[in-house]
Amino acid sequence: MAITLILCAALIIRLWPWFTRLFASSDAWLHLFICNQLKANKLRLPDENPQFILGGKTRYPPLYHYFMLLIPKRYRERYSFLLTVLFDMAVVGLILLLHHSGVIINSQVQ
């Protein structure tokens with residue numbers, strides 16, 4: 001029950017800007033760009049991105065982008081804002097499930 005409430009609260013918090021039309025900054029275009037880079041580089045992240053004004057390295061963990069590559073491009077582009085929310089909910093749910101099952105245990109510092 002508690003896991004369900006936490007997941008629902010997290011989902012509402014993540015979707016709130018979309019329901020209220022308060023479009024805060026979104027990394028959706030960057031995620032789509034990284035997916036295109038992965039496809040172009042045979043599933044490897046490039047070390048540098050010279051296309052960006054400030055240059056620099058890709059700092060996102062790649063697991064989400066590999067997950068996005070499993071989804072056809074037209075759906076990725078259309079529903080990218082929702083995919084980030086669903087992936088976040090899956091991670092939160094997995095952590096809560098592992099904690100509830102005893103795999104992840106709180107440790108207290110003495």
Side-chain angles (χ1 to χ4, degrees):
M1 180 68 171
I3 292 175
T4 305
L5 290 174
I6 291 171
L7 284 174
C8 288
L11 182 64
I12 290 169
I13 289 169
R14 286 284 286 146
L15 289 175
W16 185 258
W18 295 97
F19 290 135
T20 60
R21 306 276 191 238
L22 297 173
F23 291 96
S25 66
S26 173
D27 292 337
W29 293 111
L30 179 63
H31 292 309
L32 292 172
F33 172 78
I34 292 172
C35 285
N36 291 337
Q37 290 293 321
L38 283 170
K39 282 191 101 166
N41 292 315
K42 298 178 184 174
L43 300 178
R44 290 185 168 185
L45 282 174
D47 292 333
E48 300 266 334
N49 288 310
Q51 302 88 339
F52 297 146
I53 294 172
L54 299 176
K57 299 180 184 229
T58 304
R59 299 191 194 308
Y60 280 99
L63 179 62
Y64 173 65
H65 303 105
Y66 289 120
F67 165 74
M68 280 186 71
L69 285 176
L70 298 173
I71 298 167
K73 185 176 182 178
R74 63 183 171 156
Y75 295 119
R76 257 194 331 254
E77 291 176 351
R78 181 177 290 170
Y79 301 110
S80 62
F81 71 95
L82 190 57
L83 292 175
T84 57
V85 173
L86 293 175
F87 189 77
D88 285 348
M89 293 301 100
V91 170
V92 168
L94 178 65
I95 291 170
L96 289 172
L97 185 65
L98 290 173
H99 176 70
H100 185 69
S101 65
V103 175
I104 299 175
I105 301 172
N106 288 341
S107 61
Q108 296 179 355
V109 179
Q110 296 179 355

Peer 1: Between Leu32 and Lys73, is there a side-chain heavy-atom distance shorter than 4.5 Å?
Peer 2: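 In short, these two side chains do not touch, never coming nearer than 4.5 Å.
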Peer 1: Taking the six-membered ring for Trp, are Phe67 and Phe87 parallel (under 30°), tilted (30 to 60°) or perpendicular (over 60°)?
Peer 2: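 Because their plane-to-plane angle lies in the 30° to 60° range, the rings of Phe67 and Phe87 count as tilted.
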Peer 1: Sub-3.5 Å donor-acceptor pair from the side chain of Tyr66 to the main-chain atoms of Leu43, do we have one?
Peer 2: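 A pair under 3.5 Å: yes.
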Peer 1: Would you kindly confirm whether Leu38 and Leu70 end up in one hydrophobic cluster when ILVMFWY residues are joined by side chain heavy atoms under 4.5 Å apart?
Peer 2: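 Different clusters: Leu38 never reaches Leu70 through Ile, Leu, Val, Met, Phe, Trp or Tyr contacts under 4.5 Å.
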Peer 1: For the CD1 atom of Ile34 and the CG atom of Asn41, what is their distance to the nearest 0.5 Å?
Peer 2: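 So the gap between those two atoms works out to 12.0 Å.
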Peer 1: Under the rule for side-chain contact (heavy atoms from CB on, under 4.5 Å), what residues qualify as partners of Tyr75, not counting sequence neighbours?
Peer 2: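 Once residues adjacent in sequence are excluded, the partners of Tyr75 under the side-chain contact (heavy atoms from CB on, under 4.5 Å) criterion are Ile71, Pro72, Tyr79.
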Peer 1: Drop me the distance from Tyr64's OH to Asp88's CG, to the nearest 0.5 angstrom.
Peer 2: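 Separation between the atoms: 8.0 Å.
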Peer 1: Listed by chain and number, what are the side-chain contact (heavy atoms from CB on, under 4.5 Å) partners of Leu97, not counting sequence neighbours?
Peer 2: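 Listed in chain order: nothing, the list is empty.
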Peer 1: Locate the shortest heavy-atom distance separating Leu69 from Arg76; write the atom from each residue and the value.
Peer 2: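 Smallest interatomic distance, heavy atoms only, reads CA-NH1, 3.6 Å.
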Peer 1: Can you name the closest pair of heavy atoms from Cys35 and His65 and give their distance?
Peer 2: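 Minimum heavy-atom contact is SG-O, 3.7 Å.
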